[in-house]
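Below: one structure, written as structure tokens.
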Amino acid sequence: MTSDVISSKELSKVDPVFGQLSFDNHEQIVFCNDKDTGLKAIIGIHNTVLGPALGGTRMWNYNNEWEALNDVLRLSRGMTFKSAITGLNLGGGKAVIIGDAKTQKTPELMRKFGEFVHSLSGRYITAEDVGMATEDMDTVREVTPYVTGISESKGGAGNPSPITAYGVFMGMKAAAKFKYGSDILEDKSVFVQGIGHVGESLVEHLMNEGARVTIADINQERLEEVRAKYDVTIYGGQDIYSEPMDIYAPCALGATINDDTINKLQAYIIAGAANNQLADEVKHGKMLQDKGILYAPDFLINAGGIINVYAELENYDKQEIIRKTENIYNTTLEILDRAKANNLTTNTAALSIAKERIETRKREQGK
Ligand code: NAD
């Protein structure tokens, strides 16, 4: 259907991209289509002041294109602030491929996607996200150098998920230190929601520390696999958000902290890997603050993965990756202190530091 057959009044209601709620002055949004491979993808470049926009590619069976667009807008924005707060010289970007990763992902589709990434000449650099594996990044590497997270055997830094999990663990410990005065998680009850690449690795750290871990996932097989390895409890109830717990660790998808769940939540701390955990960062950040639930901002504590892939661009080694990831502990404590001192939500405190760094760089660039 073209604008010839839609009245201008109807069209004006739509504001398809720049009018989206999740649109936040993104620099560039690229829609990619390839009939032969069935590729339908959107690349979002939010901000490149600090450097090229780096962020993973997610393949997900979205209900419709609006969902995909909103996801890429929210995720790419999150990457800008994640890299800024972590002190990396990277901008924020992300890509989504619309489709079922289990049945529709083919090497041809990944190569075609890589060609679109290449066409942006390095303004966007891709990596792994939900629905992607290291081998997929190796396939993309066949057609473009603008990809990170490739196999160690091919000169890359490998799977970023264990490092992400380690960073989340550091952030969680810092939040515990702030809340309880001690960062020891022994005997704390922790609910890990989503035990994929990051979730399982987080479970391992928690078990080593002696935490009491409950796991939840929509994939029953994963639950059984993880229980076979660790002394964890599989959540058997109806509503995880109503359970008493010390720490809620969202490690599946975003927006699980919303009007509905905050009213029920009885956790003391929220610290997990999922991106965009707050459905509305201002409103829900405030609701958590009012309820006395300490929220460790997602983009701050899940930065281990980007630290890992950044090593491929900057050529630093595993030791440096670990050192930078451990520093998430200190940064988290600083931000929690700053939030308390200024009566800000923790999310706002973290965002303000990230934005300051971008503004400073802009001034240096004379923009
Ligand atoms: P993954 O695909 O390996 O795992 C996600 C898991 O969540 C799967 O086991 C899936 O079955 C489960 N899941 C999906 N919906 C669920 C629901 N409603 N309830 C319970 N479980 C559900 O993904 P991952 O790489 O482990 O990433 C997890 C989250 O962390 C994502 O939000 C991702 O964007 C974020 N993240 C990942 C990295 C990384 O290095 N992989 C880095 C930063 C952020």
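Because only heavy atoms are used, hydrogens play no part in the values below, and waters and symmetry mates are left out as well, while side chains stay in. Each ligand, and each atom within it, is numbered from 1 in the order the structure gives.
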List the closest protein heavy-atom neighbour of atom 14 (C) of ligand 1: residue, atom name, distance to the nearest 0.1 Å. Ile218 CD1, 3.6 Å
I'd like to check whether Gly199 has a polar contact with ligand 1, where a contact means an N/O of the residue lying under 3.5 Å from an N/O of the ligand. no
If you define the side chain from C-beta out and look only at heavy atoms, does anything of Trp60 sit under 4.5 Å from Val96? no
Please identify which atoms of ligand 1 are closer than 4.0 Å to at least one heavy atom of Lys82. 43 (C)
Enumerated ligand 1 atoms positioned under 4.0 Å from heavy atoms of Val198: 24 (P), 25 (O), 26 (O), 27 (O), 37 (C), 38 (C), 39 (C), 41 (N)
Per-pair distances, 0.1 Å, donor-acceptor, side chain in residues 262-274, under 3.5 Å, sequence neighbours excluded:
residue : atom : partner : partner atom : Å
Asn263  : ND2  : Asp259  : O            : 3.0
Lys264  : NZ   : Asp239  : OD2          : 2.9
Gln266  : NE2  : Ser242  : O            : 2.6

Counting only heavy atoms, which portion of Glu128 has something under 4.0 Å from ligand 1: side chain, backbone, both, or neither? neither
Side-chain donor-acceptor contact under 3.5 Å, Tyr241 with Asp260: no
Does Leu120 reach the side chain of Tyr146, with side-chain heavy atoms less than 4.5 Å apart? no
Has Arg58 got any heavy atom lying under 4.0 angstrom from an atom of ligand 1? yes
One should read off an interatomic distance between Lys177 NZ and Ser182 OG, to the nearest 0.5 angstrom, of 6.5 Å
Compare Ser201, Pro160, Gly56, Gly196 and give the one whose heavy atom is closest to atom 4 (O) of ligand 1. Gly196
Where is the nearest protein heavy atom to atom 41 (N) of ligand 1: which residue, which atom, and how far? Ser161 OG, 3.2 Å
Given Ile215, which of Thr233, Val190, Leu202, Val203 fulfils the side chain to side chain contact (heavy atoms under 4.5 Å, CB included) condition? Val203
Among Gly78, Gly304, Ala252, Gly272, which one puts a heavy atom closest to atom 22 (C) of ligand 1? Ala252
Looking only at protein heavy atoms, which one is nearest to atom 28 (C) of ligand 1, and how far off is it? Cys251 O, 3.2 Å
Any chance you could measure Thr126, atom OG1, to Asp136, atom CG, to the nearest 0.5 Å? 10.5 Å
How close does the nearest protein non-hydrogen atom get to atom 8 (C) of ligand 1, and which residue and atom is it? Asp217 OD2, 3.6 Å
Can you tell which part of Thr164 has a heavy atom less than 4.0 Å from ligand 1: side chain, backbone, both or neither? side chain
A student checking ligand 1 against Val130 at a 4.0 Å heavy-atom cut-off should list atoms 2 (O), 23 (O), 31 (C), 33 (C)
Check Glu326, Glu204, His205 against Tyr166 for a side-chain hydrogen bond (donor to acceptor under 3.5 Å, both in side chains) and give me the one that passes. Glu326
Under 4.0 Å to a heavy atom of Asp129 - the qualifying atoms of ligand 1, by number: 33 (C), 34 (O)
Top protein contact for atom 30 (O) of ligand 1, by heavy-atom distance: Ala273 O, 3.3 Å
Ligand 1 and His197, any nitrogen or oxygen pair closer than 3.5 angstrom? yes
Nearest neighbour in protein (non-hydrogen) for atom 43 (C) of ligand 1: Asn302 O, 3.6 Å
Is a donor from one side chain sitting under 3.5 angstrom from an acceptor on the other, for Asn275 and Arg74? no
Does any part of the side chain of Glu142, heavy atoms only, come nearer than 4.5 Å to the side chain of Met110, both counted from C-beta? no
Can you check whether Ile29 reaches Leu73 side chain to side chain, under 4.5 Å on heavy atoms? yes
